[in-house]
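Worksheet for the structure shown next.
In the text below, chain A, chain B and the rest are named by the order of the sequence lines, each starting its count at 1.
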Amino acid sequence: MTKERIKDLLDGGVADTDVTVEGWLRTVRHSKNVSFLDISDGSCMSGIQAVAAPELANYEAEIHKLTTGSCVRVDGRLVESPGKGQRFEIQARRVEVVGHSDEDYPLQKKRHSFEFLRTLGHLRMRTNTFGAVMRVRNAAARAIHDFFQRRSFIHLHAPIITLSDCEGAGEMFRVSALDPDRTPRTESGGVDYAQDFFGKEARLTVSGQLEAEIAALAMTNVYTFGPTFRSENSNTSRHLAEFWMVEPEMAFCDIQGNMDLAEAFLKDVTRDVLESCPDDMAFFNERIDQTVLETLAHIVEQPFERMTYTEAVDILQRSGRSFEYPVSWGVNLQSEHERYIVEEHVGRPVIVIDYPKEIKAFYMYLNDDERTVAAMDVLVPKIGEIIGGSQREHRLTQLRQRIRECGLPEEEYWWYLELRRYGSAPHAGFGLGFERLVQFMTGMGNIRDVIPFPRVPGFAEF
RNA sequence: UCCCGGGUAGCUCAGUCGGUAGAGCAGGUGGCUGUUAACCACUUUGUCGGGGGUUCGAGUCCCUCCCCGGGAGCCA
């Protein structure tokens, strides 16, 4: 008698062997002479059907009263199913009710709205969709580590708590051990953070990039894959207050090498997930977004288009389109502009580089034209920007100049500047929002449904 | 944060001109059946998102707040 996961039974089970499965009932169908239990253990899309006959000792007392959501352990014989709809089923020899489910179990056999399921964070993973999301998310995470490990990138654990507001990448959550009702004050009346836990004002990280640069200038190629926090009041289907970010950083690398890595990364990870989760992906293509497999095939098969910001502006201006936000050289590309270029003009992913320095961060490499920086955005259909990155400014003089131009306090970047004094090297990297990648690969419309426990303004339940 | 659209039974929704609320599903009871979101009959269930206002009377009209969705901004 072997205890196996349902996935393994359906993939490689041998008929007429004894098996044990443990899981939760998706549905139950009781007849007078037989009960059908659809058991799922989360290991794969489909469950397995167990058939229980009235001869079983606890049939009347327990089995016949089983309801959806109950947890059971079934010992029995794996047999070829005489019924339609499944290859194997289990002729139960023993059905143990591990955990009874009350009759007000909120998950029904019919389809639920994702909004409703969001209020059931403790149960929604038992549904088809969230099970599939969790498995694809897992496969994508593994694919990401595999991609970098194959290339000898070192996985860097960047800090969660940070003292620097460096990047200015967004509003940050404060971290404090002070009693909020009795905060110590300085003479000028402000909070005296010198008395706080770290002796300074501390926050949750918005990016591991600057720490990744430290590591790249010692280990050559590194990547971070960890949680990131933004306290912006963003109420959209693409933003979370807590999300996971992937940030590779490479020494001896310029914007071209950065683009090459980003493209290879998306292609490899996508291919990997398509191969490792065929059933889940078929489900998403059938029930969630009927173009998702086609879109992903494009990612894997077709080369990404590459263009400069200046060329993108030119395309938009000559498109004959009237955009809500007019296009001119120097303005940021809006969602509508990115979508036009990706979905209508090119029809496949696009990498845009060399943006005006005024609309990009201080740390980006100043190009020879002294008007643009070596920034890079990877744009994909529907999601828009999925990757943002740049070649970093590794020259001390230029970096100092840019910090001044951006009105940032030089002293707070002392270590970042020192990296440019002690063996600086050209380096580049990018950031990828992991949930946006999962959204893109599953076709799920709302980012709150591709993370197990979403944190957004006004909501952090479960 | 801004602009739209919503919030009615456990879920998904309908509710006409302002006249005191309905369907399907789920749950319950009974029946039937190697069933597949099973089926058939009967049946329980409502602070109509909260507060205020207009009115003889408000699910319906007005104000306000909260929440959800779509889009935008910010961004990943």
In whole Å, what separates the [atom1] atom of [N] from that of [M]?
{"N": "B:U29", "M": "B:A14", "atom1": "P", "answer": "32 Å"}
{"N": "B:G6", "M": "B:C17", "atom1": "P", "answer": "15 Å"}
{"N": "B:U45", "M": "B:G7", "atom1": "P", "answer": "24 Å"}
{"N": "B:C56", "M": "B:A41", "atom1": "C1'", "answer": "44 Å"}
{"N": "B:C62", "M": "B:U55", "atom1": "P", "answer": "16 Å"}
{"N": "B:A26", "M": "B:C13", "atom1": "C1'", "answer": "14 Å"}
{"N": "B:G51", "M": "B:C40", "atom1": "P", "answer": "41 Å"}
{"N": "B:C3", "M": "B:A23", "atom1": "C1'", "answer": "34 Å"}

Mate of [N] where both pairing distances stay under 3.5 Å, Watson-Crick or G-U:
{"N": "B:U33", "answer": "none"}
{"N": "B:G22", "answer": "B:C13"}
{"N": "B:C75", "answer": "none"}
{"N": "B:G27", "answer": "B:U43"}
{"N": "B:U55", "answer": "none"}

Shortest side-chain distance from [X], nucleotide among [options]:
{"X": "A:F36", "options": "B:A72, B:U1, B:G34", "value": "B:G34"}
{"X": "A:S335", "options": "B:C75, B:U1, B:C68", "value": "B:C75"}
{"X": "A:N446", "options": "B:G34, B:G69, B:A38", "value": "B:G69"}
{"X": "A:R118", "options": "B:U12, B:C68, B:C74", "value": "B:C68"}
{"X": "A:E89", "options": "B:G34, B:A38, B:G73", "value": "B:G34"}

Under 4.0 Å, heavy atoms only, any strand: does [X] hit a base, just the sugar-phosphate, or nothing?
{"X": "A:D104", "value": "nothing"}
{"X": "A:N235", "value": "base"}
{"X": "A:Y325", "value": "sugar-phosphate"}
{"X": "A:R448", "value": "sugar-phosphate"}
{"X": "A:P106", "value": "nothing"}
{"X": "A:T236", "value": "base"}
{"X": "A:S113", "value": "sugar-phosphate"}
{"X": "A:E435", "value": "nothing"}
{"X": "A:I386", "value": "sugar-phosphate"}

Residue that, paired with A:Y363, satisfies side-chain hydrogen bond (donor to acceptor under 3.5 Å, both in side chains) out of A:Q209, A:H394, A:R402: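 Answer to the side-chain hydrogen bond (donor to acceptor under 3.5 Å, both in side chains) test with A:Y363 among A:Q209, A:H394, A:R402: A:Q209.
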
When the distance from [atom1] of [X] to [atom2] of [N] is rounded to whole Å, what number comes out?
{"X": "A:E385", "N": "B:A72", "atom1": "CD", "atom2": "P", "value": "14 Å"}
{"X": "A:E461", "N": "B:C68", "atom1": "CD", "atom2": "C1'", "value": "16 Å"}
{"X": "A:I48", "N": "B:U36", "atom1": "CD1", "atom2": "C1'", "value": "14 Å"}
{"X": "A:Q49", "N": "B:A37", "atom1": "CD", "atom2": "P", "value": "11 Å"}
{"X": "A:F114", "N": "B:C68", "atom1": "CZ", "atom2": "P", "value": "17 Å"}
{"X": "A:K65", "N": "B:G28", "atom1": "NZ", "atom2": "P", "value": "12 Å"}
{"X": "A:L333", "N": "B:C74", "atom1": "CG", "atom2": "P", "value": "11 Å"}
{"X": "A:H239", "N": "B:G71", "atom1": "NE2", "atom2": "P", "value": "12 Å"}

Are A:F265 and A:L432 side-chain neighbours, meaning at least one heavy-atom pair lies under 4.5 Å?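 A:F265 vs A:L432: side chains touch.
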
Tell me, do A:M45 and A:R135 make a side-chain contact under 4.5 Å, heavy atoms counted? yes

Please evaluate the base of [N] for a donor-acceptor partner in the side chain of [X] within a cut-off of under 3.5 Å?
{"X": "A:H112", "N": "B:C11", "result": "no"}
{"X": "A:Q86", "N": "B:U36", "result": "yes"}
{"X": "A:Q91", "N": "B:G34", "result": "yes"}
{"X": "A:S234", "N": "B:C74", "result": "yes"}

Hey, do the aromatic rings of [X] and [Y] have their centres closer than 6.0 Å?
{"X": "A:H145", "Y": "A:Y223", "result": "yes"}
{"X": "A:H155", "Y": "A:F225", "result": "no"}
{"X": "A:F114", "Y": "A:F130", "result": "yes"}

Does A:R306 make a cation-pi contact with A:F304, if we ask for NZ or CZ under 6.0 Å from the ring centre and within 45° of the axis?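 A:R306 over A:F304 ring: no.
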
Closest nucleotide of RNA chain B for A:E324 versus for A:E115: which of these residues is on the 5' side?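 Mapping each residue to its closest nucleotide by heavy atoms, the 5'-most match is A:E115.
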
Let me spell it out: for each of A:F459 and A:F116, pick the nucleotide of RNA chain B with the closest heavy atom. Which residue's pick is nearer the 5' end?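 Closer to the 5' end of RNA chain B: A:F116.
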
Looking at A:T27, does any N or O in its side chain come under 4.0 Å of the phosphate oxygens OP1/OP2 on B:U36?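 No.
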
Evaluate A:K382 against A:T291 for side chain to side chain donor-acceptor pair (under 3.5 Å), listing each step before the verdict. CA-CA 11 Å; A:K382 288 177 206 146; A:T291 66; 2.6 Å; yes

I'd like to know if A:R150 pairs up with A:D146 as an ion pair, taking the criterion as any Lys NZ or Arg NE/NH1/NH2 lying under 4.0 Å from an Asp or Glu carboxylate oxygen. no

